[in-house]
Participant: 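First the structure, then my questions, so here it is.
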2 protein chains.
Amino acid sequence: MSDALSAIERFSRYQSDDAQSVESVHCPVRDVLDRIGDKWSILMIMTLATRPQRFSELHRAIRDISKRMLTQTLRDLERDGLITRHVFPTKPPSVEYCLSPLGQSLLDPMASLIDWADRRYSDIHAARVRFDGAPCDVPR
Amino acid sequence: MSDALSAIERFSRYQSDDAQSVESVHCPVRDVLDRIGDKWSILMIMTLATRPQRFSELHRAIRDISKRMLTQTLRDLERDGLITRHVFPTKPPSVEYCLSPLGQSLLDPMASLIDWADRRYSDIHAARVRFDGAPCDVPR
DNA sequence: CAGCATCCAACTAGATACTG
DNA sequence: CAGTATCTAGTTGGATGCTG
């Protein structure tokens, strides 16, 4: 893995040039964040990381997702090549979703983020309490 | 850094138990994603990673953010302890924003994600073209 | 079983105007 | 300079009902 600063520079490239009017020049990072930043994608990838699963298995695993969002999230992830969809021509139909190699390659970077979240959450929570408790030490 | 699978297990914990009605039990990962998944936070952190900067410097660096969102993003990041805010009592006022140690500790995990995005973007783009081009090879 | 279609409430964020 | 306030368009996602 390359270091943080060079990654920052690559990220900043897409912001520094005049990509204001040209919407076609799209920042990859923005793109990835839009995908994994939504409500269910990461949880879906994480759930599929353990093993391939069928539609209703996923629905049981992520109990508070609606069928609408389950379908849509799966479709978006499939479109981006992160998961594959295989239909078994049984009756009633059965569809299995599976993490693709591309999707698996996302597991490591995501794990490092999850790891950070887990370890630093108490710090964040403490900061919030501090901030909410003393909102006006310095005039704003 | 711990491996991906154990991170997945920790993440899944928060989903598997009956946290449906109890909204107070909050998943740290969800929390972090809500912060860095929004439109400007990562870009803000990345911009501040190079050096501390003032309000209008940030506005110039991120040219297509509105003042409203600039203020709000900075406030949210400050609340979570990721950045610090220092007011210089000059006239007119001058305010400097700076990445905190906690915020700096986020740079590495974020860099690994950015790195992934940068390297795999061509794969994702190709997958999209394939998906959009051949939407109905298999009946859906 | 594995979806799709429709409607709608809530939230996000841009535009604009004003302030100490 | 560094914000705040208000209004509004656009987006997200939940609820519900229907289908091969």
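Labels below follow one simple rule: chain letters A, B, ... track the order of the sequence lines, proteins then strands, and each chain is numbered from 1. For the numbers below, each heavy atom of this structure counts, side chains included, while hydrogens, waters and symmetry mates do not.
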Participant: Applying a 4.0 Å non-hydrogen cut-off, can you work out what A:Phe88 is touching in the nucleic acid: base, sugar-phosphate, or nothing?
Facilitator: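 No contact.
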Participant: With DNA chain D as reference, determine whether B:Thr71 or B:Arg60 sits nearer its 5' end, using the nearest nucleotide of each.
Facilitator: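 Closest to the 5' end, via its nearest nucleotide, is B:Arg60.
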Participant: Figure out the NE2/C1' separation between A:His86 and C:dG3, and round it to whole Å.
Facilitator: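 In whole Å, C:dG3 C1' lies 18 Å from A:His86 NE2.
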Participant: I need the NZ-C1' distance between B:Lys67 and C:dT19, as an integer number of Å.
Facilitator: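 Answer to the nearest Å: 10 Å.
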Participant: Rounding to an integer number of Å, can you tell me how far A:Met69 CE sits from C:dC7 P?
Facilitator: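 Spelled out: CE on A:Met69 to P on C:dC7 is 19 Å.
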Participant: Compare every heavy atom of B:Arg85 with every heavy atom of B:Arg75, then report the nearest pair and how far apart it is.
Facilitator: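 Scanning both residues completely, I find the closest heavy atoms to be NH1-NE, 3.7 Å.
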Participant: Which pair of heavy atoms, one from A:Leu102 and one from A:Ser105, lies closest together, and at what distance?
Facilitator: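 Minimum heavy-atom contact is O-OG, 2.6 Å.
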Participant: Is there, by distance only and without an angle test, a donor paired with an acceptor across the side chain of A:Lys39 and the base of D:dG13 below 3.5 Å?
Facilitator: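 Result: no qualifying N/O pair found.
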Participant: Can you tell me the distance, in whole Å, between the CD atom of B:Gln72 and the P atom of C:dA13?
Facilitator: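 B:Gln72 atom CD is separated from C:dA13 atom P by 7 Å.
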Participant: With DNA chain D as reference, determine whether A:Ile65 or B:Arg54 sits nearer its 5' end, using the nearest nucleotide of each.
Facilitator: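 The 5'-side residue here is B:Arg54.
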Participant: Any salt bridge between A:Arg35 and A:Asp31, counting N to O under 4.0 Å?
Facilitator: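 Result for this pair is no, no salt bridge flagged.
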Participant: With sugar-phosphate meaning primed atoms plus P, OP1 and OP2, does B:Arg68 contact a base, only sugar-phosphate, or nothing at under 4.0 Å between heavy atoms?
Facilitator: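 It contacts base atoms.
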Participant: What are the two closest non-hydrogen atoms of B:Leu48 and B:Gln53, and how far apart are they?
Facilitator: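 For B:Leu48 and B:Gln53, the tightest heavy-atom pair comes out as CD2-N, 3.7 Å.
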Participant: So does A:Arg75 get a side-chain nitrogen or oxygen closer than 4.0 Å to the phosphate oxygens (OP1/OP2) of C:dG3?
Facilitator: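 A:Arg75 to C:dG3 OP1/OP2: side-chain N or O found under 4.0 Å.
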Participant: Give a yes/no on whether any side-chain N or O of B:Ser56 is located under 4.0 angstrom from OP1 or OP2 of D:dA2.
Facilitator: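 For D:dA2, OP1/OP2 do have a side-chain N/O of B:Ser56 under 4.0 Å.
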Participant: C:dC1, OP1 or OP2 - any side-chain N/O from A:Tyr97 closer than 4.0 Å?
Facilitator: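 So the side chain of A:Tyr97 is outside the cut-off, no N or O lying under 4.0 Å from OP1 or OP2 of C:dC1.
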Participant: Rounded off to whole Å, could you give me the CG-to-C1' distance for the B:Asp34 and D:dT12 pair?
Facilitator: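 Distance, rounded to whole Å: 13 Å.
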Participant: B:Phe55 has an atom CZ; how far is it from atom P of D:dA2, in whole Å?
Facilitator: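 Atom CZ in B:Phe55 sits about 7 Å away from atom P in D:dA2.
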Participant: Would you say B:Ile114 and B:Met46 make side-chain contact, with heavy atoms under 4.5 Å?
Facilitator: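 Side chain of B:Ile114 against side chain of B:Met46, heavy atoms only: contact under 4.5 Å found.
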Participant: Check the distance between D:dT16's P and A:Leu70's CG and give it to me in whole angstrom.
Facilitator: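 Rounded to whole Å, this separation is 18 Å.
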Participant: Would you mind reading off the distance between A:Leu74 atom CG and C:dA2 atom P, rounded to a whole angstrom?
Facilitator: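 That distance rounds to 11 Å.
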